[in-house]
Number of protein chains: 2
Amino acid sequence: MSNATHTLDAAERYCAERGLSLTPVRRRVLELLVDAGGPVKAYDLMAALKPGGSAQPPTVYRALNFLTRSGLAHKVEALNAYTACLCDYSHDKSGHDTVQLFICECCDTINERHIHKSPTDAPEGFRVSRSVIEYYGRCARCVAC
Amino acid sequence: MSNATHTLDAAERYCAERGLSLTPVRRRVLELLVDAGGPVKAYDLMAALKPGGSAQPPTVYRALNFLTRSGLAHKVEALNAYTACLCDYSHDKSGHDTVQLFICECCDTINERHIHKSPTDAPEGFRVSRSVIEYYGRCARCVAC
DNA sequence: TCTGTGGGTGTAATATAATTACATAACGTC
DNA sequence: GACGTTATGTAATTATATTACACCCACAGA
């Protein structure tokens, strides 16, 4: 049983309010991401989905697409991995919020910030539709190591 | 013949000054990137490297590693593609400068900004060692389309 | 009740991206 | 000449992701 029931319940409500269907597969993938508390590879999710055997790639990639589209998860581009969205579910995640990820390469945890401003020095006239912002380094606890 | 001879000569000098060896393969890959003027896939570089046939993945990935390590090229993480560094070669590229890429999804060009500051709202004590910042959208010329 | 229709899933095959492992070559140094 | 270092060639493999097609099911309208 997950220790993140609370988060999943919140996701459930979040989806219900918006007509998104958080099916068993999708919910299970989100649960795996939440429990991991850090970046997880798609193929590891696949393995975890069907311990006995045979979940296929599309199963997990479809779930991940749904979760990222809905704002419940993020892709960590430079790692080809995925992570649950950590912010609370009180606001609409489908907006154009920009997510910044702070990834500790030492303890493999992710810290997340949502910012609401555009880049300060974009080229004249450039209209941003999507942004990828990832910082790699060491979190406060690992700086000492 | 490349129309970017000037850039390549500058790269040549840049490497000479720093004891980096810009070998023919590496130079050729850089040339392909410069000529493309936008993100290029590793396997496309492979194909272009040996028109007659059989360049293998390690050839191009090794060259790309050298170029990115040296600051002469960047990986566009969210596209699994690579692009030549567009800034001038007057300063040391191996520092901890942060590169911001502005990628126009319409005309497939990349604009580049080097910034010298840390993220404003990093978690307390987080020490950044590497950052990935990519903005996708439409450049000024394509906003109209 | 029948019959579409659309969203979601199962499965096999394939495409795309990147690495490993090992052999060879080129070059400088002792 | 023997050796170490750096770069390259080549084959095989691993890792990541998509396509295509079949099936199921809930639901709306005739």
Side-chain angles (χ1 to χ4, degrees), chain A residues 11-12 15-16 18-33 36 38-70 72-83 94 108 130 132 134, chain B residues 11-12 15-16 18-33 36 38-70 72-83 108 132 134:
Chain A
E12 204 88 66
C15 288
R18 288 164 181 75
L20 302 169
S21 83
L22 189 60
T23 64
V25 196
R26 292 168 175 178
R27 192 189 146 97
R28 179 74 183 119
V29 169
L30 179 57
E31 181 177 39
L32 289 166
L33 291 176
V40 188
K41 301 283 197 165
Y43 274 66
D44 291 341
L45 290 171
M46 260 181 65
L49 265 187
K50 295 239 175 141
S54 66
Q56 297 292 309
T59 301
V60 74
Y61 282 107
R62 285 193 281 231
L64 289 169
N65 272 337
F66 169 83
L67 294 171
T68 51
R69 271 200 326 266
S70 312
L72 296 169
H74 306 295
K75 178 170 188 184
V76 187
E77 295 289 351
L79 298 180
N80 292 321
Y82 302 84
T83 189
S94 61
D108 205 47
R130 183 172 94 89
V132 173
E134 300 171 2
Chain B
E12 204 87 66
C15 288
R18 290 166 180 75
L20 302 168
S21 85
L22 189 60
T23 63
V25 196
R26 294 167 175 179
R27 193 189 146 97
R28 179 72 184 119
V29 169
L30 179 57
E31 181 178 38
L32 289 166
L33 291 177
V40 189
K41 301 281 198 166
Y43 274 64
D44 291 341
L45 290 171
M46 261 181 64
L49 266 187
K50 295 241 173 138
S54 65
Q56 298 292 309
T59 300
V60 74
Y61 282 107
R62 285 194 280 231
L64 289 170
N65 272 337
F66 169 84
L67 295 172
T68 51
R69 268 199 328 264
S70 312
L72 296 169
H74 306 295
K75 177 168 187 185
V76 187
E77 295 289 353
L79 297 180
N80 292 321
Y82 302 84
T83 188
D108 205 46
V132 173
E134 300 171 1

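A note on names: the letters A, B, ... follow the listed sequences, proteins ahead of strands, and every chain is numbered from 1.
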Here's a test of your reading of the structure: between B:T23 and A:L79, which maps to the more 5' nucleotide of DNA chain D? B:T23

So does A:Y43 reach the base of D:dA15 with its side chain, donor to acceptor, closer than 3.5 Å? no

Between P of D:dT10 and CG of B:L49, the distance in whole Å: 13 Å

Nearest-Å distance, CG (B:N65) to C1' (C:dT20)? 14 Å

Spacing of A:N65 atom CG and A:K75 atom NZ [to the nearest 0.5 Å]: 9.5 Å

Taking C:dT11, C:dT9, D:dA17 as options, the one with an atom nearest any side-chain atom of A:V25 is C:dT9

For A:E77 and D:dA15, give me the distance from atom CD to atom P, rounded to whole Å. 20 Å

For B:Q56 and C:dA23, give me the distance from atom CD to atom P, rounded to whole Å. 17 Å

Reckon A:R26 touches a base, only the sugar-phosphate, or nothing at all at heavy-atom distances under 4.0 Å? sugar-phosphate

Taking for each residue the nucleotide of DNA chain C with the nearest heavy atom, is it A:A63 or A:P57 whose nucleotide lies nearer the 5' end? A:A63

Working to the nearest 0.5 Å, report the span between OG1 of B:T59 and CZ of B:R26. 11.5 Å

In whole angstroms, the gap separating P of C:dT16 from OH of B:Y82 amounts to 16 Å

At less than 4.0 Å, is any side-chain N or O atom of A:N80 found next to OP1 or OP2 of C:dA17? Yes or no. no

Measure the CD-CG distance between A:E31 and A:L45 for me, rounded to the nearest 0.5 Å. 12.0 Å

Spacing of A:M46 atom CE relative to C:dT11 atom C1', expressed in whole Å: 12 Å

Of the nucleotides D:dA7, D:dT10, C:dT11, which one has an atom closest to the side chain of B:S21? D:dA7

Expressed in angstrom and rounded to an integer, what is the separation of A:L20 atom CG from C:dG7 atom C1'? 13 Å

Distance (rounded to the nearest 0.5 Å) between A:L30 CG and A:E12 CD: 9.5 Å

May I ask you to verify if any side-chain N or O of B:K41 is less than 4.0 angstrom from the OP1 or OP2 atom of C:dT16? no

Per the atom types in the model, does the base of D:dG9 pair as donor or acceptor with the side chain of B:R62 at under 3.5 Å? yes

Take B:L72 and B:C15 through the side chain to side chain contact (heavy atoms under 4.5 Å, CB included) test and state the conclusion after the steps. CA-CA 10 Å; B:L72 296 169; B:C15 288; 3.8 Å; yes

Expressed in angstrom and rounded to an integer, what is the separation of B:F66 atom CZ from D:dT6 atom C1'? 12 Å

Taking only side-chain nitrogens and oxygens of B:Y61, does any of them come within less than 4.0 Å of OP1 or OP2 of D:dT10? no

